[in-house]
Amino acid sequence: MSNPTRDVGAVQSVDRAVTALEHLARNGESGVSEIATVIGVHKSTASRLMSVLHARDLVEPAGERGRYRLGPGVLRLAGAMGSRLDVSTQGATICAELAAQSGETVNLAVRQGEVVVNVHQSDGSGAISVDSWIGRPTPLHATSSGKVLLAHAPEDIRERAFAQLQPFTGETVTDPVVLAGQLEQVRRAGYAMTVGELEIGLNAVAAPVFRSDGVVVAALSVSAPAYRLPASALPTLGHAVVAAALRVSERMGWSG
């Protein structure tokens, strides 16, 4: 059972943290005393709050002791949202065309930490469900989009993913050696496939979307029930998915 007093305190702390970040965004940098006045707390409380934000890279020291400015963590958060919005905008028409061509569900997904989040969905004529995957977190190791993003993720992300390979079906790959081999194949082939790894009877294929500097920022996937999209058909569909993902990449400024 939750503690109402503790809950109120937690919400108040979040509100103070956001207020402090907004203050730094407006003023560039500020001292702890000034921040304490802005958020209405004692200087020692403000100092502890800034220490927590500093530990999460949301603020960083600015010059003399006790002064802070926004940190690189804020840029990472803003960059992630920017990528989500931009990829969704640039890829919407192309996803709709691929959905119409294939008759199946097409998704654009981005990596958020150690999970995959779908940011756009287009349903083809063959889709038998109106369920939306948008905003639903899914695992990196058990989805075609996740394997694409994991194959191109920083080494520390792969290490953390490999340390928690949870099975979702009997087909989910939970052996780090096997998964590492699959990710290498993804990088060589340019697309990833999954056969019933997240849900029994659900198959999918995905390809990477690049931004202008060549960094993979999203994955474009087609998924369908196994009776309509058997494993044998995935490589052929994979070429169409790669072509669509490259079109989105070009709209993101990537020239290959």
Side-chain angles (χ1 to χ4, degrees), residues 87-88 90-111 116-129 133-134 138-153 158 161 168-169 171-173 175 178-211 214-252 254-256:
V87 166
S88 298
Q90 300 302 327
T93 300
I94 296 168
C95 286
E97 291 174 357
L98 182 58
Q101 172 190 335
S102 65
E104 308 297 353
T105 300
V106 179
N107 274 286
L108 275 171
V110 299
R111 181 177 62 80
V116 182
V117 177
N118 290 287
V119 296
H120 177 83
Q121 179 171 312
S122 294
D123 293 320
S125 59
I128 60 175
S129 172
W133 289 85
I134 296 177
T138 55
L140 286 168
H141 70 287
T143 61
S144 60
S145 290
K147 289 187 180 184
V148 164
L149 295 169
L150 191 57
H152 296 278
R158 288 199 296 274
F168 292 89
T169 73
E171 301 300 319
T172 307
V173 176
D175 185 330
V178 174
L179 182 58
Q182 288 187 348
L183 298 185
E184 178 59 33
Q185 177 61 24
V186 169
R187 289 187 286 268
R188 288 199 305 267
Y191 61 87
M193 303 180 296
T194 50
V195 178
E197 294 187 39
L198 180 64
E199 294 182 7
I200 296 174
L202 179 67
N203 296 344
V205 58
V209 173
F210 301 88
R211 69 185 184 201
V215 171
V216 173
V217 294
L220 188 154
S221 69
V222 174
S223 58
Y227 68 84
R228 278 208 313 269
L229 183 59
S232 60
L234 290 175
T236 298
L237 181 57
H239 296 305
V241 174
V242 169
L246 288 177
R247 289 176 61 201
V248 179
S249 299
E250 289 170 356
R251 297 189 65 167
M252 295 285 290
W254 186 70
S255 62

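The figures here come from the full heavy-atom set of this structure, side chains too, leaving out hydrogens, waters and symmetry mates. No experiment lies behind these values; they were computed from the predicted model shown.
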Separation between [atom1] of [X] and [atom2] of [Y], rounded to the nearest 0.5 Å:
X    : Y    : atom1 : atom2 : answer
L234 : L229 : CG    : CG    : 4.5 Å
L246 : I94  : CG    : CD1   : 10.0 Å
R111 : L150 : CZ    : CG    : 8.5 Å
C95  : D123 : SG    : CG    : 11.0 Å
E199 : T194 : CD    : OG1   : 10.5 Å
L220 : H120 : CG    : NE2   : 9.0 Å

Task: Pair K147-L183, side chain to side chain contact (heavy atoms under 4.5 Å, CB included): steps then yes or no - done: CA-CA 7 Å; K147 289 187 180 184; L183 298 185; 4.2 Å; yes

Locate the shortest heavy-atom distance separating [X] from [Y]; write the atom from each residue and the value.
X    : Y    : value
R187 : A151 : NH1-O, 2.7 Å
V110 : V217 : CG1-O, 3.4 Å
V116 : P139 : CG2-O, 4.0 Å
P225 : L202 : N-CD1, 4.4 Å
V241 : V222 : CG2-CG2, 3.7 Å
G238 : V205 : CA-CG2, 3.6 Å

Using a 4.5 Å cut-off on heavy atoms from C-beta on, say whether the side chain of [Y] contacts that of [X].
X    : Y    : answer
E104 : L237 : no
Y191 : S144 : no
R158 : L140 : no
L108 : S88  : no
H141 : T172 : yes

Open item on the list: Checking the side chain of T236 only, and the main-chain atoms of A233 only, is there a donor and an acceptor separated by less than 3.5 Å?
Closed with: no

Task: N203 side-chain N/O to G196 backbone N/O, donor-acceptor pair under 3.5 Å - done: yes

Open item on the list: Once you measure the plane-to-plane angle for F210 and W254, does it fall in the parallel (<30°), tilted (30-60°) or perpendicular (>60°) bin?
Closed with: parallel

Task: Step-by-step side chain to side chain contact (heavy atoms under 4.5 Å, CB included) determination, V209 to Q90 - done: CA-CA 11 Å; V209 173; Q90 300 302 327; over 6 Å; no

TODO: Output yes when R247 and E250 qualify as a salt bridge under the 4.0 Å nitrogen-oxygen rule, no when they do not.
DONE: no

Task: Partner residues of E171 under the salt bridge (Lys or Arg N to Asp or Glu O under 4.0 Å) criterion, sequence neighbours left out - done: none

